[in-house]
Amino acid sequence: GVVVTQVSWSPGGSWLAWTGFTTSSWTTSRLNGDGGVAGVLAPDGTQRRLDPAGSVLVADDGTTVTLTSGTAQVRGPDGSRPARRTVDLPEVTDAAALSSDGSVLAVGTQEGHDLVTMRLDRDEVSTRSGQGAGDGSWSVRPLGWVGDTVLVQRTPPVSGEEGRLSLVHLDGDVPVRDVAVLDGGDPDRPHTGVGPLSVATDLVTERRPTVSRPAPDWPWSPERRGLVRGLGVVAPLLAGWLAWVVVRRRRRAREDVAEE
C-alpha cells in the first residue's frame with residue numbers, strides 16, 4: 001500500500017530514511033496516491049513513521065531532519081516532537097546532505113548561493129555567494145561530504161550547457177573547486193545528458209577527487225546497429241554488381257580482340 005520514491009542513508013550507513021505515498025489505485029501503466037508518508041528504519045529493524053515531508057534525512061544516532069518548502073524540522077532519536085523548527089531561505093530545495101557527524105546540514109538551492117548550511121545544534125544558517133550561470137537560472141544539489149568541512153556538490157546544466165561537480169568548503173575563504181564536467185545533453189532532446197547521480201565520497205579526497213578513466217565501450221545505438229545491418233545487406237549486392245561489371249567488360253574486350 002506504500003510506494004517508496006526516495007531513500008537516504010545516515011552518514012555511517014546504519015539508518016535508512018524513506019519517503020513515498022500511499023496508493024489508492026494502480027494499473028500496469030500508472031499509480032494513484034492519497035498522500036505523502038515517510039519513515040526511518042533503525043539498525044535493529046524497528047521502524048518509525050514521520051509526518052509527510054518533501055525529503056527526510058537521518059543521523060547515525062536516529063535524529064531525523066525533514067525538509068518541506070524551505071522549512072527544516074529536527075526530531076530527536078526517540079521521535080519526540082520537533083526540538084526546533086527553522087525556516088530557511090526561500091530558494092532552498094528538498095535536496096540535502098548531512099555531514100559525517102550529523103551536525104551540519106547542507107541544503108540545495110534554486111539560485112543565488114554556492115552553499116547553504118545549517119548547524120542543527122544551534123539553528124545557525126550560513127550561505128556563500130553563488131558563482132553559477134549568468135542568467136540566474138542555475139541551481140546546486142549537495143551529494144555528500146568529504147569529512148566534515150568539504151561538500152561534494154552538483155550544479156546541473158542550464159539549457160543544454162555542461163554541468164559540473166565541485167568541492168565546496170565551509171570556510172568561505174577557500175574558492176569553489178570544479179573537479180568534473182557533466183554532459184548537458186541535447187537541448188532539443190529531453191532526458192539526455194547525465195541523470196540522477198550519486199558519489200562514493202569515501203573514495204574522494206581533496207588532493208585526488210577524481211580518477212581518470214578511458215572512455216567506456218558503450219553499446220551501439222539503434223541507429224548505428226541499423227546502419228551496420230544495412231551495410232551488411234548492401235555490401236554483398238554492391239560487390240556482386242562490381243564483379244558482374246568487371247566480367248562483362250573483360251568479355252567484351254576479348255570479343256573485340258577476336259573480331260580484329
Side-chain angles (χ1 to χ4, degrees), residues 2-22 33 35-80 82-86 88-89 91-110 115-121 123 125 139-156 163 165-168 170 182 194-204:
V2 173
V3 174
V4 176
T5 57
Q6 182 179 2
V7 297
S8 64
W9 294 98
S10 64
S14 56
W15 286 72
L16 179 69
W18 60 270
T19 57
F21 61 89
T22 57
V37 291
V40 293
L41 182 65
D44 61 3
T46 59
Q47 300 187 52
R48 186 170 78 241
R49 287 292 185 95
L50 302 174
D51 294 334
S55 181
V56 178
L57 296 98
V58 60
D60 287 319
D61 65 353
T63 299
T64 60
V65 182
T66 60
L67 294 171
T68 308
S69 302
T71 299
Q73 288 186 344
V74 181
R75 293 181 182 269
D78 59 352
S80 58
R84 59 190 67 88
R85 183 181 180 93
T86 302
D88 211 336
L89 298 177
E91 296 89 357
V92 299
T93 68
D94 61 356
L98 276 172
S99 62
S100 58
D101 63 359
S103 64
V104 182
L105 179 72
V107 188
T109 62
Q110 293 287 8
L115 182 65
V116 175
T117 58
M118 183 177 71
R119 294 192 176 274
L120 301 183
D121 56 350
D123 286 350
V125 178
S139 63
V140 294
R141 298 183 66 85
L143 299 179
W145 289 83
V146 180
D148 295 323
T149 60
V150 180
L151 182 73
V152 180
Q153 188 164 267
R154 175 179 183 175
T155 302
L165 290 181
S166 308
L167 296 183
V168 187
L170 290 185
L182 305 177
V194 178
L197 182 68
S198 62
V199 175
T201 52
D202 284 349
L203 303 179
V204 176

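Model, not experiment: these values are computed from the prediction.
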Point to revise | Contact summary for Val204 and Val146, nearest pair of heavy atoms | key: O-CG1, 3.5 Å
Point to revise | Test side chain to side chain contact (heavy atoms under 4.5 Å, CB included) applied to Ser14 - qualifying residues, sequence neighbours left out | key: Ser10, Pro43, Asp60
Exercise for review: For residues Thr63 and Arg75, report the shortest heavy-atom separation together with the two atoms involved.
Suggested key: CG2-O, 3.2 Å
Check your understanding: Going through the distances and angles, do Arg154 and Leu182 end up as a side chain to side chain contact (heavy atoms under 4.5 Å, CB included)?
Key -> CA-CA 9 Å; Arg154 175 179 183 175; Leu182 305 177; 3.3 Å; yes
Practice item. Determine whether Val37 and Arg49 make a side-chain contact, defined as any pair of heavy atoms from C-beta on separated by less than 4.5 Å. Key: yes
Review point. With a 4.5 Å limit on heavy-atom distance, are the side chains of Val104 and Trp145 in contact?
Key: yes
Study note, to complete from the structure: CG of Leu57 to OG of Ser8, rounded to nearest 0.5 Å, is 4.5 Å
Study note, to complete from the structure: Here the gap from Thr117 atom OG1 to Leu170 atom CG, rounded to the nearest 0.5 Å, amounts to 5.5 Å
**Study point:** Inter-residue atom distance Ser99.OG - Arg119.CZ, 0.5 Å rounding
**Key:** 8.0 Å
Review point. How close do Gly147 and Ser100 get, heavy atom to heavy atom, and via which atoms?
Key: O-OG, 3.7 Å
Study note, to complete from the structure: For Leu16, the side chain to side chain contact (heavy atoms under 4.5 Å, CB included) test, sequence neighbours excluded, returns Val7, Trp9, Leu41
Exercise for review: For the pair Val152 and Leu167, evaluate side chain to side chain contact (heavy atoms under 4.5 Å, CB included) and give the outcome as yes or no after the intermediate values.
Suggested key: CA-CA 5 Å; Val152 180; Leu167 296 183; 3.8 Å; yes
Check your understanding: Roughly how far, to the nearest 0.5 Å, is CG of Leu143 from CD of Gln153?
Key -> 8.0 Å
Point to revise | Close side-chain approach of Val40 to Gln47, heavy-atom, < 4.5 Å | key: no
Check your understanding: Can you name the closest pair of heavy atoms from Pro142 and Ala106 and give their distance?
Key -> CG-O, 3.6 Å
Revision key, fill the gap. Rounded to the nearest 0.5 angstrom, the CG-CG distance for Leu98 and Asp148 is 11.0 Å
Revision key, fill the gap. Only residue of Thr19, Val65, Leu67 satisfying side-chain contact (heavy atoms from CB on, under 4.5 Å) with Val56 is Thr19
Check your understanding: Checking side chain to side chain contact (heavy atoms under 4.5 Å, CB included) for the pair Phe21/Val4: CA distance, chi angles, key distance, verdict?
Key -> CA-CA 7 Å; Phe21 61 89; Val4 176; over 6 Å; no
Point to revise | Exercise: identify the closest heavy-atom pair between Gln6 and Ser55 | key: NE2-OG, 3.7 Å
Review point. To the nearest 0.5 Å, what is the distance between OG1 (Thr155) and CG (Leu165)?
Key: 8.5 Å
